[in-house]
Amino acid sequence: MATKQQIQQCITDCTNTANMIRTATNGVPKAGIRDMLTQGAVHIEACIRQCEHATEHVQ
């Protein structure tokens, strides 16, 4: 079973990834592609919130 520390490390990694996607999005000229990248970052951030909630229930 994952420890709280392992979950927190995953949250940190995912937060960094979402931030990298958002940064990369700024350099994309096509609006449709920017939108897809933004949606990807939003999805990762939703997963982060779920993981944060899960850490409240891990011993």
Side-chain angles (χ1 to χ4, degrees):
M1 181 153 96
T3 66
K4 196 169 191 171
Q5 183 178 5
Q6 289 171 313
I7 296 169
Q8 188 56 50
Q9 182 60 51
C10 185
I11 289 169
T12 299
D13 293 344
C14 289
T15 299
N16 291 338
T17 299
N19 289 338
M20 287 189 308
I21 290 171
R22 289 191 180 279
T23 299
T25 299
N26 294 332
V28 176
K30 293 188 178 184
I33 295 172
R34 281 194 313 269
D35 185 52
M36 286 187 280
L37 289 167
T38 298
Q39 287 178 29
V42 167
H43 181 77
I44 292 171
E45 290 161 349
C47 293
I48 292 167
R49 286 189 295 278
Q50 289 177 324
C51 290
E52 288 171 339
H53 181 70
T55 60
E56 297 171 7
H57 302 286
V58 174
Q59 297 178 357

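Just so you know, these numbers come straight off a predicted model, no measurement behind them.
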Do you know which two heavy atoms are closest between [X] and [Y], and how far apart they sit?
X     : Y     : result
Ile7  : Cys51 : CG2-O, 4.0 Å
Ala18 : Ala41 : O-CB, 4.0 Å
His57 : His53 : CD2-O, 3.2 Å

Which pairs, with at least one residue in residues 22-32 and sequence neighbours excluded, count as a side-chain hydrogen bond (donor to acceptor under 3.5 Å, both in side chains)?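 Those involving residues 22-32 are Arg22-Glu45.
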
If the test is side-chain contact (heavy atoms from CB on, under 4.5 Å), which one of Leu37, Asn16, Thr38 qualifies with Ile21?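 Going through Leu37, Asn16, Thr38 one by one, the side-chain contact (heavy atoms from CB on, under 4.5 Å) with Ile21 is satisfied by Leu37 alone.
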
Distance in Å, Glu52 CD paired with Cys14 SG, rounded so as to fall on 0.5 Å steps: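 The distance works out to 10.5 Å.
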
Rounded to the nearest 0.5 Å, what separates atom SG in Cys10 from atom CD in Gln5?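 Rounded to the nearest 0.5 Å, the SG-CD separation comes out at 13.0 Å.
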
Would you say Ile48 and Val58 are hydrophobically clustered, going by side-chain heavy atoms of ILVMFWY under 4.5 Å?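 Yes.
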
Indicate, with yes or no, if Val28 and Ile44 share a hydrophobic cluster defined by side-chain heavy-atom contacts under 4.5 Å among Ile, Leu, Val, Met, Phe, Trp and Tyr.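 Linked, Ile44 and Val28 end up in one cluster.
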
Please, which pairs that meet ring pair (Phe, Tyr, Trp, His ring centres under 6.0 Å) have at least one residue in residues 10-52, sequence neighbours excluded?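 Qualifying pairs, neighbours excluded: none.
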
